[in-house]
Structures are given as structure tokens and as C-alpha cells.
> 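Okay, handing you the structure first.
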Amino acid sequence: MTDPTTAPAPALDENQIIAERRAKLAAIRKQGPAFPNDFDRRDYAGKLAAAHGNQSKEALEAAAVEVQLAGRMMLKRVMGKASFATLQDMSGQIQVYVTNDHAGAESHDAFKHWDLGDFIGVTGILFKTNKGELTIQARSIRLLSKALRPLPEKFHGLADQEQKYRQRYLDLITNDVAREAFMRRSKIISAIRAFMIERDFLEVETPMMHPIPGGAAAKPFATHHNALDMEMFLRIAPELYLKRLVVGGFEKVFEINRNFRNEGLSTRHNPEFTMMEFYEAYREYRYLMDLTESLIRAAAMAATGSTVVPYQGHEIDLGKPFARLTIVEAIRHYHPQYTVEQLNDRDWLIGQFKAMKGKYRPHDGLGGLQLSFFEETTETLLIQPTFIIDYPAEVSPLARRSDAQPDITERFELFITGREMANGFSELNDAEDQAERFMDQVRQKEAGDEEAMHYDADYIRALEHGLPPTGGCGIGIDRLVMLLTDSPSIRDVILFPQMRRES
RNA sequence: GGGUCGGUAGCUCAGCCGGUAGAGCAGCGGACUUUUAAUCCGUUGGUCCCGAGUUCGAAUCUCGGCCGACCCA
């Protein structure tokens, strides 16, 4: 058994094209530094297009704008004594015109042997071609970095999904949609951060390695700390640490970071995913819903410039107030044939599960069964933004009970496009109730529920020092980015999604 | 875990009613000073995912495996 981290690379997929390029590189090495780093890039393709794209051919010629730009050569058209190339940098693409007259025959001849994918530095004057395309008339042109491997096919790009994920760099080089999605992801996260900071939230970082995995019902990844000889877990949620900070007097905190859950992969699940969790003292769950709505609108505006966004053929309206329905209300709204009496009848619900071969936990109380029934029948129908409110206490071990109805909690989940986007609640700040709920979780774990929570004594101790009334919410960033980039799979919004080991 | 589809040149794909592998792009050589997926002529390049089986003969049929996408649980 070889160690995959140190074993040499498997037999290289060398081929004629790579050999050809290696030979070119060897020749370049003989002429001096093959990978020079002294080129002074001053201009960007996108900025030049924005600044000069609308100028007339004549005006541009009169201005004689000198530019100095570098990028990867994506296209190349050689026509004897003159050539065109398309360079791509982070901001976009621009065409370069290389001629014997202006760049010199020697440079132009060298250029003819450069390959698609090579990095090139060019200095020259902006002009417009007869077809009106903004182009750099090269005065000098240099090879900055040789690409030994060929790019994917220039017209179709990279089509193999696996390769898009495993070699994301190729996807980013060749696929505008992918590049745009990840740039949009960055904008969304920036917008969320700005939104929170503007409202006086403090951004914090809490541990990713937990001695006791807590804050969610999920299976953790286990690891081991050698020096402490201690079993540790990658966090499944930051919740319990963030609430410790509220105990400590940080009354408004948020964290944008990764959670890790040891579960299957799907178009909606990656084992590591990004959550934004926030907590605010002296607030309860209705306020959290308002804030969550505003935040999602702000993110949508930042990403798309609109609060109405297309998603896989649907038009999602994030501008209107989000619907707020209890579990039973939601089921009845989408399935009017079920009566309140039926939905409040354990035996009827269990009969339905059996008839539809649905998943449910037989020992759940009415609330838990109703929730499972909701998940089976209604969740995927919640295309437009909908808060489902008042979750049963038995499935919400960290949420505050309703004073009017102690078997339910002041909790909501937000669904958009049939997917859970956020989960928030008035926090349980009664240390004695929390201790009992943990005990209850421990009993469920002993009964075989792998996702039940552990008893976290330190967290109870923190609560015993007093947690002010607090509201907290987690928003799934990847799923939000999916929505705002019209991406069908979570893998389209995670740069390097988890994959099976390459064979 | 189950189902469907797929894996052929560096890339995008055809070939799959069994007869020993093709196109376009990329590469190489040549022509071409406003092209833009440039064009035109010539040309190199393959563990047809892996293994077994059937057969005179397998990219093609059968079985098993690996990997991926999508759907379902």
C-alpha cells in the first residue's frame, strides 16, 4: 500500500503535444530566463474595454493610448506577416495585433511558435480594427511563462464534469459561466459581511476542531491531536462557541466559515460547506426572520442587481415579504385535502408514511411526525421564499420553547427553491432546560441515533453564567450562492468540491 | 445503497447490427499584413477505462470491477 500523499505521480500522460512544448521550452531556456518576472503589467483587458471600448476608431488613433498588458493567450490567428491573438487576464479578454512592421519580424517569428495557454506580456498602442474591435497594436511582445500542457478545445471548452471539478483551473480558464459564478460568490460573501458589519456585528472565528462535536444533528469527522493525545472532531456547527461569546458580552457576533459533516455527497451536499451564523442579544426569532430577509435581498442585489432572480426555469421573488407558515399550515396550503384533524392524528400520519414508504422516526411525538410528513410532502414545493415556523421542541434541542406552547420552539427554517437555506431560533438560555435537553439527546444517542447530540458540560457551565435573551441564525452560503448564480449543483459553487480519490 | 446514462487522440465527439479506429480543434510543415471558433494545402498522434469470458476475430456482445453525471433513497 503506497501513501497517496508521498507516492510519485502515476505514469505521466505525456504525449506528442507536451513533448513538443517541452522542446520549445528547452530552446527558450538557452536564450535566457525562460520564466522572467520583470514584466511590469499596468493595464487590464476589462478596464481598457470599459475606458476605450466606446471610442471611435479615429479618436482612439488620435489619442495613441500606450498600454502594457499581460495575459494568457487563448486564441491565435497567424497570417504570414501579421497575426492576431486573444489575451485573457482576470478582468477579461483583449485582442493583440502583432506585425513584422511594428513588433519586428524577430518577435513575430518567435510569437508564431508560442502556444495557446502561454502567458504573454505586450506593450503597444490601442486601436480599433475595421470590424471595430478594440485591439493592442504590439510594439513589443514577450513570452512570460510557457504552458506545457494544451488547453481544452477552444470552442467547446471543457465538457467533462469530472475534469471541471478536479481541475478547476481549466474550468476557470475556459468557462465564463464558472468564472462568473465564483466571482459572484465572492461578491455575495462580501455583501453579507458588509451587511453585518454595518449593523455593528463583530466578526469572529471560533474553533474548527472541537473536543465535543455540537450545535447540530450530524455525524462529524474525527481526528486526533498527537501532543494532547486527544480525539477531536471537525466542527459540524459553530453555534455553541458563538453563544459562549454572547455569554462573554459580545452581544452581536457572526462567523462565516466552514462546517464539516460526515455524510453523503449530492447536488445539495458537500462534506465541507460554508455557513454564516449570527447571534444577537435581546432579539427573538421574528426579528431574525426580518434580518434574514433583508440580508438575502442585499446579497441578491450585490450579486445580480435585482431581488427577482431566475433559478432553473423559476423566477424567485426575493423582494416580496417571505411567507411565514407553521408546519401544519404549510402542509395544508400545498395539500388542502389533508384536514387539521388528520394532521394531528399520530396513527393517521404513521399510516400515511407506511402507504407512501416515507421516512419517519416511529418514536417521535406528534410534532416530529408532522415535521417528517412536511419533509416528505411539502418541502420541495417551497420554491418561493417561505419561512416554516414553530418547530417541535423534540427536534430542536438548542431552541427556546414557546411560552404559550412548550412543546414547540421559537424556531424557523427558510426554504427557497425547495431547499433549506437558513435555520434560526430564539436561543435556549435556560441552563437547566438545556441540561435536560442534552440528557434527552444522550438517551437518543444511546438508543442508536448517531446524529443525536452529546452532553456539553462546558456549554452548560457557560449558560449557568447567564446568556441574555438571544436570537441566532445560520445561513447556508453555498446554497444561497447556488440560488443567486442559477447553479443546479453545489459543486458548481465550490471551487474544489469533494471527490473520490482519483484512480 | 438503487436506477438511468456515460468513459474512444491533449480537447470536443463519431464509430457500437463483431472484421482490427475516424472527424473537428490543438500540434507539426507550407501559403497568407485587419483576423476573430480566421481560411487554404499537407501531416504526426490511440493501453478504444480496467479485467475476464464468448468468438477464427471484440472499441463493438456477456459478466465483474473502477470512475463520473443525473435521478431516487
Side-chain angles (χ1 to χ4, degrees), chain A residues 10-25 27 45 49 57 60-61 72-88 93-105 107-109 111-118 124-138 146-167 169-171 173-176 263-269 312 353 356-360 372 375-376 379-380 418 487-492 497-503:
Chain A
L12 282 175
D13 51 342
E14 293 285 318
N15 59 48
Q16 194 189 358
I17 289 174
I18 295 174
E20 194 75 51
R21 292 185 177 211
R22 285 194 192 283
K24 288 179 183 177
L25 176 58
K57 192 170 161 69
L60 199 56
E61 209 160 302
R72 192 188 285 275
M73 181 158 65
M74 301 301 292
L75 292 171
K76 183 181 162 192
R77 297 175 286 281
V78 177
M79 301 172 302
K81 298 186 184 66
S83 299
F84 286 94
T86 302
L87 297 197
Q88 174 170 294
Q93 296 190 336
I94 193 165
Q95 182 168 257
V96 178
Y97 187 47
V98 187
T99 63
N100 285 0
D101 293 347
H102 292 98
S107 290
H108 187 215
D109 285 342
F111 165 86
K112 289 177 189 172
H113 292 98
W114 299 343
D115 294 297
L116 298 189
D118 288 353
I125 309 290
L126 284 183
F127 78 107
K128 279 202 171 169
T129 64
N130 294 335
K131 294 277 166 57
E133 180 161 349
L134 187 68
T135 302
I136 302 171
Q137 164 88 262
K146 184 79 194 152
L148 293 173
R149 287 174 180 269
L151 288 174
E153 207 261 357
K154 65 185 176 188
F155 186 59
H156 298 93
L158 193 59
D160 182 343
Q161 276 298 336
E162 180 183 1
Q163 227 181 336
K164 283 161 75 85
Y165 297 146
R166 288 195 195 274
Q167 294 175 251
Y169 43 89
L170 290 181
D171 190 30
I173 290 168
T174 56
N175 184 353
D176 291 340
E263 294 161 2
L265 285 72
S266 80
T267 46
R268 290 173 293 281
H269 298 89
Q312 304 293 300
F353 286 124
M356 68 172 78
K357 294 193 171 72
K359 268 203 312 190
Y360 70 104
S372 295
E375 288 167 351
E376 288 288 338
E379 187 175 308
T380 56
S487 299
S489 171
I490 197 168
R491 293 178 161 192
D492 296 324
Q498 195 60 50
M499 302 286 281
R500 217 176 281 262
R501 184 175 296 158
E502 212 170 342
S503 59

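Naming convention: chains lettered A, B, ... in sequence-line order (proteins, then strands); numbering from 1 in each chain.
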> I need the NE2-P distance between A:His269 and B:C71, as an integer number of Å.
13 Å
> Describe the nucleic acid contact of A:Tyr97 in one word from base, sugar-phosphate, nothing, applying a heavy-atom distance below 4.0 Å.
base
> To the nearest Å, give me how far apart OH (A:Tyr165) and C1' (B:C70) are.
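Going from OH in A:Tyr165 over to C1' in B:C70 covers 10 Å.
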> Please report, rounded to the nearest Å, how far the P atom of B:U34 is from the CG atom of A:Leu60.
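It works out to 19 Å between those atoms.
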> B:G18 pairs with which nucleotide, Watson-Crick or G-U wobble, both distances below 3.5 Å?
none
> Using a cut-off of less than 4.0 Å, is there contact between a side-chain N or O of A:Lys359 and OP1 or OP2 of B:A73?
no
> With P as the reference atom in both, quote the distance from B:G19 to B:A59 in angstrom, rounded to an integer.
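Approximately 10 Å lies between the P atom of B:G19 and that of B:A59.
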> Taking only residues two or more places apart in sequence, or in another chain, which ones meet A:Glu379 in a side-chain contact (heavy atoms from CB on, under 4.5 Å)?
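Result, side-chain contact (heavy atoms from CB on, under 4.5 Å) vs A:Glu379: A:Phe374, A:Glu375, A:Phe415.
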> Who does B:G6 pair with, Watson-Crick or G-U, both distances under 3.5 Å?
B:C67
> Stepwise, does the side-chain contact (heavy atoms from CB on, under 4.5 Å) test hold for A:Asp160 with A:Leu170?
CA-CA 11 Å; A:Asp160 182 343; A:Leu170 290 181; over 6 Å; no
> B:A37 P sits how many Å from A:Glu133 CD, rounded?
9 Å
> Rounding to an integer number of angstrom, what distance separates B:U43 and B:A23 when you compare their C1' atoms?
15 Å
> Return the 5'-most residue of the pair A:Met499, A:Leu265 with respect to RNA chain B, ranking by each residue's nearest nucleotide.
A:Met499
> Identify whether any heavy atom of A:Asp160 sits under 4.0 Å from a base atom; if not, whether one sits that close to sugar-phosphate; answer base, sugar-phosphate or nothing.
sugar-phosphate
> State the pairing partner of B:C61; accept Watson-Crick or G-U wobble contacts with both distances under 3.5 Å, and report none otherwise.
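Answer to the pairing question: B:G53, which forms a Watson-Crick or G-U pair with B:C61.
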> NA contact type, A:Thr267, heavy-atom cut-off 4.0 Å: base, sugar-phosphate, or nothing?
sugar-phosphate
> Determine the Euclidean distance between corresponding C1' atoms of B:C32 and B:G42; express it in Å to zero decimal places.
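B:G42 and B:C32 have their C1' atoms separated by 16 Å.
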> Considering only side-chain heavy atoms of A:Asp101, which listed nucleotide, B:U33, B:G29, B:U35, is closest?
B:U33
> Ignoring hydrogens and geometry beyond distance, is the side chain of A:Gln95 in donor-acceptor contact with the base of B:U35 at under 3.5 Å?
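Check passes, donor-acceptor contact within cut-off.
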> When you compare B:G27 with B:C63, how far apart are their C1' atoms, in angstrom units rounded to a whole number?
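Roughly 40 Å separates the two C1' atoms.
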> Taking the C1' atom of each, how far is B:A9 from B:C5, in whole Å?
23 Å
> Base, sugar-phosphate, or nothing for A:Gly264, non-hydrogen atoms under 4.0 angstrom?
nothing
> Let's go through A:Val98 and A:Lys112 carefully: what are the C-alpha distance in whole Å and the side-chain angles of both, what is the deciding distance for side-chain contact (heavy atoms from CB on, under 4.5 Å) to 0.1 Å, and is it a yes or a no?
CA-CA 10 Å; A:Val98 187; A:Lys112 289 177 189 172; over 6 Å; no
> Roughly, in whole Å, what's the span from CG in A:Leu158 to C1' in B:G68?
13 Å
> Identify, with sequence neighbours excluded, every residue that meets side chain to side chain donor-acceptor pair (under 3.5 Å) alongside A:Thr86.
none
> How far, in whole Å, is B:G46 from B:C13 if one measures between their C1' atoms?
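Comparing C1' positions in B:C13 and B:G46 gives a spacing of 15 Å.
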> Residues in side-chain contact (heavy atoms from CB on, under 4.5 Å) with A:Lys164, at least two apart?
A:Leu158, A:Gln161, A:Asp171, A:Asn175
> Go through A:Leu25 and A:Arg22 one step at a time and tell me if the side-chain contact (heavy atoms from CB on, under 4.5 Å) criterion holds.
CA-CA 5 Å; A:Leu25 176 58; A:Arg22 285 194 192 283; 5.5 Å; no
> Which whole-number value in Å describes the distance from A:Met356 CE to B:C72 C1'?
16 Å
> Both distances below 3.5 Å, Watson-Crick or wobble geometry, any strand: find the nucleotide opposite B:G46.
none
> Excluding sequence neighbours, so at least two apart, what forms ring-ring contact (aromatic ring centres under 6.0 Å, His included) with A:Phe111?
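So A:Phe111 forms a ring-ring contact (aromatic ring centres under 6.0 Å, His included) with A:Trp114.
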> Using ring-ring contact (aromatic ring centres under 6.0 Å, His included) as the criterion, list what pairs up with A:Phe127, not counting sequence neighbours.
A:Tyr97
> If I pick the P atom on B:G24 and the same atom on B:C56, what distance separates them, to the nearest angstrom?
38 Å
> So if I define the base as every atom that isn't primed, P, OP1 or OP2, how would nucleotides 22-27 of chain B read as a B/S/- string at a heavy-atom cutoff under 4.0 Å?
--BBBS
> Could you tell me how far B:A21 sits from B:C48 if I compare only their C1' atoms? Round to whole Å.
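So the two C1' atoms sit 8 Å from each other.
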> I'd like to know if A:Thr129 reaches the base of B:U35 with its side chain, counting only an N/O donor and acceptor under 3.5 Å.
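Under the 3.5 Å cut-off, the side chain and the base do form a donor-acceptor pair.
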> Nearest whole Å is fine: how far is B:A31 C1' from A:Asn100 CG?
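Rounding to the nearest Å, CG of A:Asn100 and C1' of B:A31 are 15 Å apart.
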> Between C1' on B:G7 and CD on A:Glu162, what's the gap in Å once rounded to a whole number?
9 Å
> What's the shortest heavy-atom distance between A:His113 and A:Lys146, and which atoms?
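Shortest heavy-atom contact: O-NZ, 4.2 Å.
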> Tell me the partner of B:A31, counting only Watson-Crick (N1-N3 plus N6-O4 or O6-N4) or G-U wobble (N1-O2 and O6-N3) with both under 3.5 Å; none if nothing fits.
B:U39
> Which atom pair, heavy atoms only, marks the closest approach of A:Lys81 to A:His108?
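Here A:Lys81 and A:His108 meet closest at C-CE1, 3.3 Å.
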> Given that A:Gly157 and A:Asp492 both sit by RNA chain B, which one's nearest nucleotide is further toward the 5' end?
A:Gly157
> Distance check: side-chain N/O of A:Arg77 vs OP1/OP2 of B:U35, anything under 4.0 Å?
no
